[in-house]
Visitor: 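Can you keep this structure in mind? I'll have questions shortly.
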Protein chains: 2
Amino acid sequence: MSPARGTSPPRDEPNSGKPVRLKDVAAHLGLSPTTVSLVMNRSPAAKGIPPETQERVRAAAEELGYRPNFIARSLRRQRTFAVGVLLPEISEGYAAGVLGGIEDQLLQEGYFYLVAGHHSKPDLFDDYLQLLTERSVEGLILVNTPIEQALSLPAVVVAGHRELAGVTNVVIDHQSAARLALAHLAELGHRRIAFFKGHAHSADTESRWQAIVGASADLGLEIDPRLTIQLSGEPAGEEFSPEEGYREGHVFGRKLLEAGAPFTALFAFNDISAIGAMRAFSESGLRIPDDVSVVGFDDILSAAFQNPSLTTVRQPLHEMGRRAAAELLRKLAAPGEESPPAITIEPELVVRDSTGPARGGG
Amino acid sequence: MSPARGTSPPRDEPNSGKPVRLKDVAAHLGLSPTTVSLVMNRSPAAKGIPPETQERVRAAAEELGYRPNFIARSLRRQRTFAVGVLLPEISEGYAAGVLGGIEDQLLQEGYFYLVAGHHSKPDLFDDYLQLLTERSVEGLILVNTPIEQALSLPAVVVAGHRELAGVTNVVIDHQSAARLALAHLAELGHRRIAFFKGHAHSADTESRWQAIVGASADLGLEIDPRLTIQLSGEPAGEEFSPEEGYREGHVFGRKLLEAGAPFTALFAFNDISAIGAMRAFSESGLRIPDDVSVVGFDDILSAAFQNPSLTTVRQPLHEMGRRAAAELLRKLAAPGEESPPAITIEPELVVRDSTGPARGGG
DNA sequence: CTAGCATGCTAAAACGATTTAGCCCGACCC
DNA sequence: GGGTCGGGCTAAATCGTTTTAGCATGCTAG
């Protein structure tokens, strides 16, 4: 019964040997497990138990180093305080940023989470949904993960493509983003602005472009179709690869120059393509921001370390994650209530060295 | 007993109402839960059950959409198939990279993991260790997380600072890293090479520097103390901030130029400081790689998008994560066996545009 | 005829908690 | 003195599995 080897068991050291169970605490006190459980959980039913007994119980628990077994508790209560997170790949910048926010919010509220990266393979994707469900997660957060059929659990989607009944989408406020970027450029005197549009099948492309059109109108800017370039996204499936985006930016930056139409600024679809374009400009002898100003989108880590550092519209990924997690927990806490179809997040303009006053001519 | 509302329950749809339990399958077949369990788990004890019954059981399970409840199973078997991961912050590049590898390996082997980011606060740190243990994780992986006392669970440490009994450290092969970088530079004709040493309290600093000294000797290169600059790490606690590292690189890049000693190449402690130095060089009118070659360390995402793109020694973070996870699972599978105190990972030289032949003079 | 032995299954006890439904005892009321 | 009430606790069921121990039944061997 007593610890086998030589040295005697240290009395007040918490972890001597096997973990202490509820039963042990009860036995140690000469009480029933029920009583100990009631006290430890501060259950309303514990009101019948006199404070002095309660104190005894808590003291014993502390002394013995009792830690309730979460698994057993989960089984009985049918609550796991865990949610599942599905994303393409954890080490991708976007997902990692969002996950950071999810993490902060969840841990703060006493939840944990299980992550599965499906590497954009739709079959893995369903498998993981299964596995997470088997593990009894209480809800789901999908990041950058297209979903077809309805889900069997409460869910929040970040950067989701379609609208699904009952699930909340967390999206960036494109209106605001376009206004921030274009107002900044307009203020610097830019009138002829070039644009990269996103890939045709990317969720954000269309709404962001509409927002740009709207903001341009508001600011009295005209959009020249010759200065509007659609990123191709060819070869398909590569649109998430940074190298690809960079190369595209580079290629299309040259195209822009070859088009012959004068411009003093570029608002790119994302930082990666902006960086590629900057390189193309530099190679052609244009100086940034003296000859051309460049604005990116996302604020990836690399943006701050470019030469010159890149002015960009920051997507507050961390905040988006936080909000997604908070909304999911709200849903879990209030199962009946209607939940909003979308949560809109405000972007932020980060002004760095790639934007400056427009050249005299405009 | 039967589903309440109007429409009749679809017969072969898996999820009509509540989840199906083992007991339900058993009842549906007129067998005992024991039998169903034995068959479903392909337990050796099921050899007494005739194949045709086994088939019936599996068919029924399939038909009813039975999915075993992992929580109950965990409780009974005292196995959770989950490990805990402790790291400073999920959205940090290093940790995210490693975590990606951990994830791949674990999921592939049927494990999940719980992550906690302690934001470098030692108290949070102990709390999370508690919480993870309460949740019955089977083992731990610590990434970039200094640990003082021994752990109560099998553990693997990535980028760990100290050696602890029983825990395996996953470390990069600094010898190899130094050799790769210096041989590359030597081959390009560089003889006078400047160095950034890491911060004094960083785990990698000393061993990497020793490796550099060793490799230099092997290659017949001399190290000029005037060209050796120690990154300060002041203000303390900021050494993980990219901005800080960048600024340091920039400042020390200038210092290097002011030192007046001629050099044709720089081997920086990490990519961030390399990028900062590149900027300082450019500002002083030096061209990279024509006047100075620069080699970084880590291969952060940003390295490929620099102008010029940065030659660097890649730490295969993903691989390190994979190996860490694999080693932990090995430990779990063979509790008795001795485990190696360290696993050494081979770095890889990524040659890009920031290195070129040395100027005539050397 | 009966002990022995497969064969095909099952009862019941775990695992470690929570929770419902009381039990026992003394005090109080009338 | 009996009924009631409340205070302080507990027995036992339960969550959904796994696993140990063993029960019928029928066949074979001696």
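Keep in mind that this is a model prediction, so the values were computed, not measured. By convention in this document, chain letters (A, B, ...) are assigned in the order of the sequence lines, proteins followed by strands, and residues within each chain are numbered from 1.
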Visitor: Can you tell me if N41(A) touches the phosphate of dT18(C), counting only side-chain N or O atoms and a distance under 4.0 Å to OP1 or OP2?
Guide: yes
Visitor: By the 4.0 Å heavy-atom rule, please label S74(B) as base, sugar-phosphate, or nothing.
Guide: nothing
Visitor: Do any side-chain nitrogens or oxygens of T34(B) fall under 4.0 Å of OP1 or OP2 in dT10(C)?
Guide: no
Visitor: With a non-hydrogen cut-off below 4.0 angstrom, is S43(B) in contact with a base, only sugar-phosphate, or nothing?
Guide: nothing
Visitor: Among Q78(A), R79(A), K331(A), which one satisfies side chain to side chain donor-acceptor pair (under 3.5 Å) with E138(A)?
Guide: R79(A)
Visitor: Grab the CD-C1' distance between E134(B) and dG16(C) for me, whole Å please.
Guide: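 The answer, rounded to whole Å, is 13 Å.
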Visitor: Report yes if a side-chain nitrogen or oxygen of T35(A) is closer than 4.0 Å to either non-bridging phosphate oxygen (OP1 or OP2) of dC9(D); otherwise report no.
Guide: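 No, T35(A) has no side-chain N/O under 4.0 Å of OP1/OP2 on dC9(D).
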Visitor: Once you round it to whole Å, what is the distance between P of dA14(C) and CG of N69(A)?
Guide: 17 Å
Visitor: Quick one: label R67(B) by what it contacts on the DNA or RNA (base, sugar-phosphate, nothing), any heavy atom closer than 4.0 Å.
Guide: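 R67(B): backbone/sugar contact only, no base atoms under 4.0 Å.
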Visitor: Provide, to the nearest angstrom, the distance between the CG atom belonging to L38(B) and the P atom belonging to dG22(D).
Guide: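 In whole Å, dG22(D) P lies 17 Å from L38(B) CG.
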Visitor: Mind listing the closest non-hydrogen atom pair of G166(B) and S339(B) along with its distance?
Guide: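 For G166(B) and S339(B), the tightest heavy-atom pair comes out as O-OG, 4.0 Å.
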Visitor: In terms of side-chain heavy atoms of S37(B), which of dA17(C), dT17(D), dT18(D) is nearest?
Guide: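 Closest nucleotide to the S37(B) side chain: dT18(D).
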Visitor: Rounded to whole Å, please give me the gap between NZ in K23(A) and P in dT10(D).
Guide: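 In whole Å, dT10(D) P and K23(A) NZ are 16 Å from each other.
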Visitor: Using only heavy-atom distances, decide whether a donor-acceptor pair under 3.5 angstrom links the side-chain of R73(B) to the base of dT17(D).
Guide: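 When only heavy-atom distances are counted, R73(B) does not reach the base of dT17(D) through any donor-acceptor pair under 3.5 Å.
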Visitor: Let me spell it out: for each of L31(B) and R76(A), pick the nucleotide of DNA chain C with the closest heavy atom. Which residue's pick is nearer the 5' end?
Guide: L31(B)
Visitor: Does Y66(B) make a side-chain N or O approach to OP1 or OP2 of dT17(D) shorter than 4.0 Å?
Guide: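 Indeed, a polar side-chain atom of Y66(B) lies that close.
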Visitor: Between atom CE in M40(A) and atom P in dT19(C), what is the gap in whole Å?
Guide: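 Rounding to the nearest Å, CE of M40(A) and P of dT19(C) are 15 Å apart.
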Visitor: I'd like to know if the side chain of N41(B) and the backbone of S43(B) have a donor-acceptor N/O pair within less than 3.5 Å.
Guide: no
Visitor: Rounded to whole angstrom units, what separation is found between the CD atom of E55(A) and the P atom of dG8(D)?
Guide: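 From E55(A) CD to dG8(D) P: 16 Å.
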Visitor: Does G30(B) or A72(B) map to a spot on DNA chain C nearer the 5' end, using the closest nucleotide for each?
Guide: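 Upstream on the strand: G30(B).
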Visitor: Of the listed nucleotides (dC9(C), dT18(C), dC15(D)), which one gets closest to any side-chain atom of Q78(A)?
Guide: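 Closest of the options to the side chain of Q78(A): dC15(D).
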Visitor: Give one of base, sugar-phosphate or nothing for I71(A), where a contact means two heavy atoms less than 4.0 Å apart.
Guide: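 Answer is nothing: I71(A) stays at 4.0 Å or more from every strand.
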Visitor: Give a yes or no on whether the backbone of I49(B) and the side-chain of Q54(B) come within a donor-acceptor separation of less than 3.5 Å.
Guide: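 Between the backbone of I49(B) and the side chain of Q54(B) there is a qualifying donor-acceptor contact (under 3.5 Å).
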Visitor: Could you tell me whether E62(B) atom CD has more than 12 heavy atoms of other residues or ligands within 6.0 Å of it?
Guide: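 12 or below, so no.
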Visitor: Checking all strands, does P33(A) fall into the base, sugar-phosphate, or nothing category for heavy-atom contacts under 4.0 angstrom?
Guide: nothing
Visitor: Measure NZ/K18(B) against P/dC15(D) and give the value in whole Å, please.
Guide: 13 Å
Visitor: Which nucleotide in the list dT10(D), dA17(C), dT18(D) gets nearest to the side chain of L22(B)?
Guide: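 Nucleotide nearest to L22(B)'s side chain: dT18(D).
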Visitor: Round to the nearest Å and state the distance from I49(A) atom CD1 to dC23(C) atom C1'.
Guide: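 Going from I49(A) (CD1) to dC23(C) (C1'), I get 15 Å.
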Visitor: Tell me whether E327(B) is salt-bridged to R330(B), with the criterion being a basic N under 4.0 Å from an acidic carboxylate O.
Guide: yes
